Amino acid sequence: MIDLKLVQKDFDTISKKLQRKGVSSELLEELRLKNEELKKAKSNFETLQALQNSMSKEFGVYKREGKDISELKARVDANKLVITEALDIQRQKQEALESLAMAIPNIPDDSVPDGEDEEDNIELVKVLTPKKFTFTPKEHWELAENNGWIDFERGVKLATSRFSASFGMGARLERALINFMLDFNRSRGFEEVSVPQLVNRQALEGTGQLPKFEDDLYKMEGMELFLIPTAEVPVTNLFQDEILSVDALPKKMTAYTSCFRKEAGAAGRDTRGMIRQHQFHKVELVTIAHPDESEKIFDEMVSCASDILTALELPHRLVNLCTGDLGFGAAYTTDIEVWLPGQNTYREISSISNTREFQARRAKIRFKDGKKNRFVHTLNGSSLAVGRTLVAIMENYQHEDGSIDIPEVLKPYLGM
RNA sequence: GGACGAGUGGGUGAGUGGCUGAAACCACAUCCCUGCUAAGGAUGCGUACUGGUAACGGUACCGAGAGUUCGAAUCUCUCCUCGUCCA
């Protein structure tokens, strides 16, 4: 959540920065106004309440001393009516402010380039050179079906479109990739955690998926539980509403989970193959960091994900997301795009973000800095999306006859 | 699914309507004293918002939410979690 104090104190700067994310200064002005109204309503209520409290205390004294209370009671009763009304107003203001504030995105870092969409993202670096094929490389769905690795039709039969089933080496490769990624992340100092894949509303509000993006989440019928769209949600919220000690930081974690997304608004995009599925495997990195360290850890997380691709000998590039492509909660994001020769293009395989205090403020994750409690910084990133990695392996390791080599680093995981 | 019990500050735990933001003990921090198989003493020690340059105030929080009352950790209701017993 946005820092309301900052809005109050330095409106123009914040407004200018948020305009780059499409937040109008009118909306922000409304936020500031609502905040002031709430403050007023609050102080009004509290003054009345203080009066009530002190009269009530007197009440006790009167009773003990056996004094007549009828006059006092009349005063106290009258005040109570006023209080009830004041409280009502305060609640309304509170609600109005909150629903507005929760829908405002994070302030983009100054390093984030202006832009509309992914076209305007800025390439930072390319890693490994795509190899030249002597034939026209096939797209992954063809390879997957020819090798009997992935069955798209049977997946649809079981659920609906954008679901698939894996068989044989396809399924084994998925598992090998998950294990390889987890082990790799662990070697970089990320502790492995295993978390629920259903979470409540509070958790999703903490990381920013709610209240704005409910349409993209699968919700359990009849209860306030949602399938997670990313492990970022449960892992980050592990420390929700906690005050950590400084020496507990940073908490560097990695988790494998399935992820579930409705992909509302993605109709018609990537309908074939397993680039955009409703359910997919992902290994995630999450760090709860001291604010002074978050930049450094961000770089570590980017390297970690990039180095996994390098270990798999998959060409990729790093991209700095522009304002239009930047997510709701991120201050800045680096995407990693892997080379897909079948599609003859780079496609996103990882997205690493620093949300700074944005999520911490929502989820109330703090640490003790001497006497003071401060918000931590939270970071998250995929390392990596398993399905897309499999796609990249298929397309990059293919031969003309449609057979596919296995990356060296995965062989031990496959008993080879 | 049914019955009963419980949820209090970092931990243990007292508190059944006003003198309780909360005893006591432990832990922790600072200071003092002192040396012997270690301890003793003093003080401090929750969070959020808010007023004030500050000193120092105000409001809220005893699982969550709602209610009764002038006043609630304490009474009522709903929910959640944990424990024990039953199915």
Side-chain angles (χ1 to χ4, degrees), chain A residues 1-10 31-102 195-196 198-206 210-211 219-226 234 237-249 251 288 291 357-376:
Chain A
M1 196 161 75
I2 189 165
D3 185 349
L4 289 168
K5 274 187 194 154
L6 225 59
V7 174
Q8 219 66 26
K9 220 170 60 190
D10 199 359
L31 185 76
R32 176 164 80 163
L33 230 88
K34 288 212 155 102
N35 191 28
E36 262 166 14
E37 281 176 24
L38 173 64
K39 271 183 162 179
K40 234 178 257 161
K42 241 185 174 164
S43 108
N44 181 239
F45 165 74
E46 285 177 3
T47 310
L48 291 166
Q49 185 66 330
L51 180 64
Q52 188 79 349
N53 285 347
S54 76
M55 285 197 283
S56 290
K57 266 211 176 106
E58 251 185 281
F59 211 99
V61 176
Y62 273 39
K63 274 211 143 167
R64 235 179 302 140
E65 295 174 353
K67 282 193 190 157
D68 177 42
I69 55 168
S70 54
E71 187 268 343
L72 180 61
K73 173 131 170 70
R75 260 162 56 207
V76 130
D77 280 342
N79 191 48
K80 178 144 198 203
L81 288 175
V82 190
I83 286 187
T84 312
E85 201 182 327
L87 179 62
D88 224 48
I89 290 169
Q90 190 210 299
R91 275 185 183 160
Q92 278 169 30
K93 302 282 183 200
Q94 174 93 45
E95 230 165 84
L97 178 71
E98 229 158 65
S99 67
L100 193 64
M102 288 292 272
V195 290
L198 284 167
V199 294
N200 57 32
R201 183 170 288 274
Q202 201 182 358
L204 286 153
E205 283 175 352
L210 287 180
K219 190 181 179 197
M220 295 295 114
E221 190 162 334
M223 50 186 118
E224 286 287 289
L225 282 179
F226 301 80
N237 279 290
L238 240 22
F239 300 99
Q240 175 200 99
D241 207 17
E242 291 192 31
I243 299 167
L244 304 162
S245 79
V246 207
D247 5 294
L249 301 177
K251 287 209 177 287
I288 310 286
E357 292 184 6
F358 187 80
Q359 292 180 331
R361 182 170 282 112
R362 288 174 161 244
K364 298 192 180 71
I365 308 172
R366 290 165 294 179
F367 71 100
K368 265 237 181 298
D369 188 17
K371 273 270 175 203
K372 276 214 204 101
N373 294 328
R374 292 174 61 192
F375 288 111
V376 298

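Computed from a predicted model, the values in this text were never measured in an experiment.
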Trainee: With a 4.0 Å cut-off on N to O distance, would you call Glu71(A) and Arg75(A) a salt bridge?
Mentor: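 Yes, this pair counts.
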Trainee: For atom C1', what is the distance between U74(B) and G1(B), given to the nearest Å?
Mentor: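 Taking atom C1' in both U74(B) and G1(B), they lie 32 Å apart.
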Trainee: For C75(B) and A38(B), measure between their P atoms and round to the nearest Å.
Mentor: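 To the nearest whole Å, 47 Å.
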Trainee: Applying salt bridge (charged side-chain N to carboxylate O under 4.0 Å, His left out), which residue pairs with at least one partner in residues 1-10 of chain A are found, sequence neighbours left out?
Mentor: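 The answer is Asp3(A)-Arg361(A).
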Trainee: Which pair of non-hydrogen atoms, one from Ala363(A) and one from Asn237(A), has the smallest distance, and what is that distance?
Mentor: CB-OD1, 3.7 Å
Trainee: With C1' as the reference atom in both, quote the distance from C45(B) to A24(B) in angstrom, rounded to an integer.
Mentor: 16 Å
Trainee: Could you check whether Asn79(A) gets within reach of a base, just the sugar-phosphate, or nothing at all, counting any heavy atom under 4.0 Å?
Mentor: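 Asn79(A): no heavy atom of the nucleic acid under 4.0 Å.
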Trainee: Show the nearest heavy-atom pair for residues Pro211(A) and Arg362(A), with the distance to one decimal.
Mentor: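 Closest pair (atom of Pro211(A), atom of Arg362(A), distance): CD-NH1, 4.4 Å.
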Trainee: With C1' as the reference atom in both, quote the distance from U12(B) to A66(B) in angstrom, rounded to an integer.
Mentor: 32 Å
Trainee: Can you give me the first and the last nucleotide of RNA chain B (5' to 3') that has an atom within less than 4.0 angstrom of a non-hydrogen atom in chain A?
Mentor: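 The contacted stretch runs from G18(B) to G71(B).
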Trainee: Search all heavy atoms of Phe367(A) against all heavy atoms of Pro291(A) and return the closest pair with its distance.
Mentor: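 In this case the closest contact between Phe367(A) and Pro291(A) is CE2-CD, 3.5 Å.
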Trainee: Within the structure shown, what part of the strands sits under 4.0 Å from Lys368(A) by heavy-atom distance: base, sugar-phosphate, or nothing?
Mentor: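 Sugar-phosphate only.
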Trainee: Using the C1' atom in both, what is the distance from C49(B) to C86(B), to the nearest Å?
Mentor: 48 Å
Trainee: Assign each of Lys5(A) and Lys73(A) to its nearest nucleotide of RNA chain B by heavy atoms, then name whichever residue's nucleotide is nearer the 5' end.
Mentor: Lys5(A)
Trainee: Just to be sure I understand the geometry, which residues of residues 37-49 of chain A put a non-hydrogen atom under 4.0 Å away from RNA chain B?
Mentor: Lys39(A), Lys42(A), Glu46(A), Gln49(A)
Trainee: Within the 4.5 Å heavy-atom criterion, are Gln240(A) and Gln359(A) side-chain neighbours or not?
Mentor: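 Not touching, per the 4.5 Å side-chain cut-off.
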Trainee: For the CD1 atom of Ile89(A) and the NZ atom of Lys40(A), what is their distance to the nearest 0.5 Å?
Mentor: 12.5 Å
Trainee: Could you tell me how far G15(B) sits from G63(B) if I compare only their P atoms? Round to whole Å.
Mentor: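 G63(B) and G15(B) have their P atoms separated by 15 Å.
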Trainee: If the C1' atom of A39(B) is compared with that of U20(B), how far apart are they to the nearest Å?
Mentor: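 So the two C1' atoms sit 34 Å from each other.
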Trainee: State which residues pass salt bridge (Lys or Arg N to Asp or Glu O under 4.0 Å) with Glu221(A); sequence neighbours excluded, sorted by chain then number.
Mentor: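 Partners of Glu221(A) under the salt bridge (Lys or Arg N to Asp or Glu O under 4.0 Å) test: none.
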Trainee: Using a 3.5 Å limit on both pairing distances, list the dot-bracket string of RNA chain B from the 5' end; Watson-Crick and G-U wobble pairs count, crossing pairs take [ ], interstrand pairs take |.
Mentor: ((((((((.[[[..)..(.....]]].(((((.......))))).((((((....)))))).[[[[[..)....]]]]]))))))).
Trainee: Measure across Phe239(A) and Ile288(A) and return the closest heavy-atom pair with its distance rounded to 0.1 Å.
Mentor: CD1-CG1, 4.0 Å
Trainee: Tell me the closest heavy-atom pair linking Ala86(A) and Leu48(A), and the distance in Å.
Mentor: CB-CD1, 3.8 Å
Trainee: Just to be sure I understand the rule, does Gln52(A) reach a base, reach only the sugar-phosphate, or reach nothing, if contact means heavy atoms closer than 4.0 Å?
Mentor: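 Contact class for Gln52(A): sugar-phosphate only.
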Trainee: Closest nucleotide of RNA chain B for Ser54(A) versus for Ile243(A): which of these residues is on the 5' side?
Mentor: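 So the residue in question is Ile243(A).
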Trainee: Can you pull the salt bridge (charged side-chain N to carboxylate O under 4.0 Å, His left out) pairs that have at least one residue in residues 84-96 of chain A, sequence neighbours excluded?
Mentor: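 Residue pairs passing salt bridge (charged side-chain N to carboxylate O under 4.0 Å, His left out), neighbours aside: Glu37(A)-Lys93(A).
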Trainee: With Asn373(A) as reference, evaluate Lys364(A), Arg366(A), Lys368(A) under the side-chain hydrogen bond (donor to acceptor under 3.5 Å, both in side chains) test and give the passing residue.
Mentor: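 Exactly one option meets the side-chain hydrogen bond (donor to acceptor under 3.5 Å, both in side chains) with Asn373(A), and it is Lys368(A).
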Trainee: Determine the Euclidean distance between corresponding C1' atoms of G57(B) and A72(B); express it in Å to zero decimal places.
Mentor: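 It comes out at 24 Å once rounded to the nearest Å.
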